[in-house]
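Just below is one structure, and these are the notes that go with it.
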Amino acid sequence: MTSSSMAKTLVKTFLKAPHSLKTKIQAKQLHAQFLKTQPYSPSSTSILISIYANFNLLQHSLLLFNSLNSPPLLAWKSIIKCYSSSGLFANSLTCFVKMRSFGIHPDHSMFPFVIKACVFLKNLRLGESIHGCIIRLGLDFDLFTGNALLNMYAKFQSLQLKGGSKGFAFNVFDGMPKSDELCGRLTQERAKSVIGLDSVTKVLEMMPQRDVVSYNTVIAGNAQNGLYEEALRMVREMGSANMKPDSFTLSSVLPIFAEYVDVMKGKEIHGYAIRHLFDSDFYIGSSLIDMYANCARIEDSCRVFSLLPKRDDISWNSIIAACVQNGVFDEGLKLFRRMLTAKVKPRDVTFSSIMPACAYLTTLHLGKQLHGYIIRGGFDDNVFIASSLVDMYAKCGNIKAAGWIFDQMEHHDMVSWTAIIMGHALHGHGHDALSLFKHMEKDGVKPNYVSYIAVFTACSHAGLMDEAWRFFNGMSQNHGIKPGLEHYAAMADLLGRAGKLNEAYEFISRMHIAPTGSIWSTLLSACRVHKNLELGEKVAKEIFKVDPENVGAYVLMSNMYAASRRWKEAAKMRIFMKKKGIRKEPACSWIEVKNTVHTFISGDKSHPLYDRIFQALKDLLEQIEREGYIPDTNEDFHDVDEEQKKYLLFSHSERLALAFGILSTPAGTTIRITKNIRVCVDCHTAIKLISKVVQREIIVRDNSRFHHFKDGKCSCRDYW
DNA sequence: GTAGGGTTAG
C-alpha cells in the first residue's frame, strides 16, 4: 500500500468511528501521520481541516486553510462550519462570499451554517440572496437546507412583528456570476415566487419531504408569532404524518397554553412529557414552570422545579420570575439567594425578574445591593433592568434616584416612561407626571393601557380633575385604548373626593363594563369622608350585590354608622361580618433599620423595645400638643370613651414604627415607613407635626401612595 | 437544521 493510500485509509477509519471514540489527540496524531506521508496536498490538507473543524479547533483549521493557495470545496466548507459553530457568524458569511468569488459552487451541506449566520446577524436581504443561490443551484430540495430556510423566514417574521432591524444590504444574489450552470429563467422565476416574507409556508409547500425538525421549526415559528391555532394545527398534522412530537415540539406548545391560561391542556402536555421521559429536559422544565405560573399555579411551578434532576440558569430564572409574578416575593428572594449559593451566575433576566420583589416589599437596602451587582455585571444599560430600577427606587420612596436612573437611560421605551410617570404619580407629583406623559407622546412612544393607569393615578393623587377628564375622553380617540376598570376607578375616586358624589354614582352606573365591588368601594369611602350616609347605604347595596364578602364595605358601613352614633347598625355590621367569618386585615406598618425589617401591628406591645417606644410616643405627644395638635377622635369608631379613643390612636401601627425609627436612627436620618392600609387623618396630622419637632424627613408609603412629611407639611398637601 | 426565562398595573 502506498503511503498516500495508507493515509486515506486512516482518515476513513477515523471518520467512520463513533464520535465518542474520537479525541482531539487522535486528530493531532493523524495530522502528524499525514505530514509524514502526504505533506500539504490540497486534498489531504482539506481532510485535516475538516477533522479539526469537527472538533471545533478553529485556530488549527485556519492555520492549514491559510496555507492553501486555492482551497477546494471541503476546505471552505469546514472553515465556514467552524466559524459558525464558534459563533463567528460574520466571518462565516465573509468566507462564503469569498468562496463564491473564487467561482466555487457550494454544496448542500454548507447552507444550513450560512443561513444560520444570516439569522444570527439579522440580515434578511443576505438570507434571501442565499436562498436565491440555493434555488439556482437546485439545492432547495435538500431537507437540512430547507429546514434552515424555514427557520430563517420564521425568525425574520417574528423580528418584523417586533419591529426589528432589517440588517445591512449585502446582495449575493445580484452579484452571482451569470454563468452558473443552473441559472435559467425557470429558477429565476421560482426564486422570485418563493422569496418573500410569507416564505415559511412557500418553502414548506415546496419541500419534497419533511421531518420532525421541519414541523418543529414551523410550529415554533407560528407559536412565536402569536399564530397559536396554526401552531396547534401543525402539531395535529404532524401526528397524522406519523411523526411523534418530541421535546422541541412540547417546549413550543407549552407557552401557547400558558398564554391561553389553560392549565388542563398544559397538564395534558405535562403528562405526555412524563410518559415520554421529556420531563427531565431543561427546556421542558422551564416551559412547565412558566406555564403553571401563568395559570396562577405557583405550587405546581415549584414542584416542577424541585423535581428537575439538573437545572441551568434559565430554570432558576424561570422559577424566580414565576414566584415574583405570582406575588410570592419572599420565596422569590429565597430562591435568588439559593441560586447564588449554587454558584449559578445571575443574568440580566434574573435581575429584571427579582427587582419587582424589592419594589413591592420596599426593601431599599436589598434593591441597592442588587443595583450594585447590576453595575458590576455591566447590566445597567439593559432597558428591562433600568425600568425595574426606576420602579424599585420610586416604590421604595426614593423618587430622586428613580429620576436619575431614568435620565441616564439612553433609550426610553413605553415601559420605562410608564414606570417614571407612575413613580411621580405615587409621590403626588401630578404635574411632573403629566408633563412626562406629554414628553413621551412627543418622543413618539405610544402609551398603552398601563401608561393611562399611571396618568389617572397622577390626576387622582393630585386632585387634577379637569386634566383627568381630558385624558379620559382622549384615550380612545388618540390611542385607541378603551377605558378599563382601573381608569374608571381613578375617575370615580376623583369625583368622589371632590365631593361630587351623585355625579360619581351616575358615572359608575353608566360604565360600559360591569362595575366591580372595588369601584363602588371607592365611592363608598368618599361617602364616608363627606358624611353622606344615605348614598352610602345605596352604594353598599350595589357592592353586596356583586361582592357579598367585601370586607372593606362592611367596615366602612360600620364606621359610618358609628360616626353618626347609630351604634346598633354599626354593631349589626360587625356581627354580620363575624357570622360570615369575614375578618378585617389588621393594620400593619414596617420599617427597615440596619438592613432588618421591623413589623408593627396596631396596638401590638410585643416589640422588645416596646417600653421605650411607648415612652417616646408619650414625649412626642406632649411636644406636638404644644404645637397645637388636638387628637381627631372621629377617625376611630369603636364605641368607647374619649380617653380610650386617644389611646387607640396612640397605638396605630405607623406611630409605633415611627417612634421606633426615631429611637434607633441618628438624628436627621430620613425615616421610611410602609403601611398596608391608608394612613388615617389623625396620624397624618400627628406625623406632620412630628416631622417638625424632630426635624426629620418622614416618608410613609401606604397601600396607594407616598406621603413626604417635612417641616410640619406633607407633599400630598392634605389631599389623599 | 428545531425549543425554554425579563421591566410598567393588578
Side-chain angles (χ1 to χ4, degrees), chain A residues 84 108-109 111-116 119 142-152 154-155 211-221 223-224 245-255 258 278 281-291 293 301 305 311-322 324-327 346-356 359-360 379 382-392 394-395 409 412-423 425-426 447-457 484-487 489-490 516 518:
Chain A
S84 198
H108 66 96
S109 66
F111 284 110
F113 301 106
V114 180
I115 295 164
K116 192 179 178 174
V119 174
D142 174 63
L143 181 61
F144 277 42
T145 306
N147 286 344
L149 283 169
L150 284 177
N151 181 47
M152 179 183 83
K155 288 277 155 59
D211 66 354
V212 180
V213 177
S214 328
Y215 276 101
N216 284 343
T217 307
V218 182
I219 290 165
Q224 284 156 7
D246 63 3
S247 65
F248 284 79
T249 328
L250 301 195
S251 58
S252 294
V253 170
L254 277 168
F278 295 140
D281 180 298
F282 286 159
Y283 287 81
I284 302 291
S286 42
S287 302
L288 281 170
I289 290 171
D290 192 52
M291 183 275 294
S301 299
F305 180 75
R311 299 163 185 148
D312 67 353
D313 55 340
I314 298 186
S315 330
W316 283 97
N317 291 338
S318 304
I319 190 66
I320 289 171
V324 175
Q325 285 161 2
N326 277 276
R347 299 236 303 236
D348 46 4
V349 181
T350 325
F351 292 108
S352 47
S353 305
I354 196 69
M355 199 57 76
Y360 186 88
F379 296 129
N382 177 302
V383 68
F384 286 80
I385 290 178
S387 303
S388 71
L389 278 170
V390 167
D391 180 59
M392 184 276 293
K395 296 238 174 83
M409 289 175 73
H412 295 127
D413 67 353
M414 184 263 295
V415 175
S416 50
W417 277 109
T418 305
I420 192 70
I421 293 169
M422 186 54 105
L426 292 176
N448 76 341
Y449 190 91
V450 186
S451 321
Y452 270 101
I453 296 178
V455 165
F456 289 117
T457 307
L485 280 176
E486 298 91 337
H487 310 117
T516 55
S518 75

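So you know, we letter chains A, B, ... as the sequences are listed, proteins then strands, and number each from 1.
- The environment of A:Tyr449 atom OH is dense: over 12 non-hydrogen atoms of other residues, nucleotides or ligands sit within 6.0 angstrom.
- Counting non-hydrogen atoms under 4.0 angstrom, A:Ser247 reaches a base of the nucleic acid.
- Distances were taken from every side-chain heavy atom of A:Ser315 (C-beta onward) to each of B:dT7, B:dG4, B:dA9; the shortest belongs to B:dG4.
- A:Ser387 comes within contact range of at least one nucleobase, with a heavy-atom separation under 4.0 Å.
- For A:Val349, the listed nucleotide lying nearest its side chain is B:dG6; candidates were B:dT2, B:dG6, B:dT8.
- Between A:Lys395 and A:Leu426 there is a side-chain heavy-atom pair separated by less than 4.5 Å.
- Distances were taken from every side-chain heavy atom of A:Ile385 (C-beta onward) to each of B:dA9, B:dG6, B:dA3; the shortest belongs to B:dG6.
- Contact check, A:Asn151 against B:dT2: a side-chain N or O comes under 4.0 Å of OP1 or OP2.
- Here A:Ile284 lies out of heavy-atom contact (under 4.0 Å) with every strand.
- Regarding A:Phe305, its CZ atom lies at a distance of 14 Å from the C1' atom of B:dG4, rounded to whole Å.
- Within 3.5 Å, no donor on the side chain of A:Ser287 pairs with an acceptor on the base of B:dG4, nor the reverse.
- A:Val218 comes within 4.0 angstrom of nothing in the nucleic acid, heavy atoms only.
- Side-chain contact between A:Arg311 and A:Phe305: present, with at least one pair of heavy atoms (C-beta onward) separated by less than 4.5 Å.
- Taking only distance into account, the side chain of A:Asp281 never meets the base of B:dG4 through a donor-acceptor pair shorter than 3.5 Å.
- In terms of polar N and O atoms assigned as donor or acceptor, the side chain of A:Ser286 comes within less than 3.5 Å of the base of B:dG4 in a complementary pairing.
- Between A:Lys395 and the phosphate of B:dT7, there is no side-chain N or O to OP1/OP2 separation shorter than 4.0 Å.
- Residue side chain A:Phe248 meets the stacking definition with respect to B:dT2: its ring centre sits within less than 5.5 angstrom of the base's six-membered ring centre, and the planes differ by less than 30 degrees.
- Closest to the side chain of A:Pro356, from the set B:dG4, B:dT7, B:dA9, is B:dT7.
- Within the nucleic acid shown, A:Thr418 comes within 4.0 Å of at least one base atom, counting heavy atoms only.
- Side-chain proximity of A:Ser252 to the nucleotides B:dG6, B:dA9, B:dA3 is greatest for B:dA3.
- The side chain of A:Gln325 contributes an N or O atom lying less than 4.0 Å from OP1 or OP2 of B:dG6.
- Atom pair A:Asp312:CG and B:dG4:C1' shows a separation of 8 Å (rounding to whole Å applied).
- Not a single donor-acceptor pair, N or O on each side, falls under 3.5 Å between the base of B:dT7 and the side chain of A:Ser388.
- Put simply, OH on A:Tyr360 is 16 Å from C1' on B:dT8, counting in whole angstrom units.
- The closest donor-acceptor contact from the side chain of A:Asn326 to the backbone of A:Ala293 lies under 3.5 Å.
- Distance from the side chain of A:Phe282 is smallest for B:dG4 among the nucleotides B:dA3, B:dG4, B:dG6.
- Closest approach of A:Pro112 and A:Ala148 over heavy atoms only: CA-CB, 3.8 Å.
- In this structure the side chain of A:Pro447 never reaches within 4.5 angstrom of the side chain of A:Thr418, judged on heavy atoms.
- Listed nucleotides B:dT2, B:dA9, B:dG6 differ in distance to A:Tyr449; the shortest reach to its side chain belongs to B:dA9.
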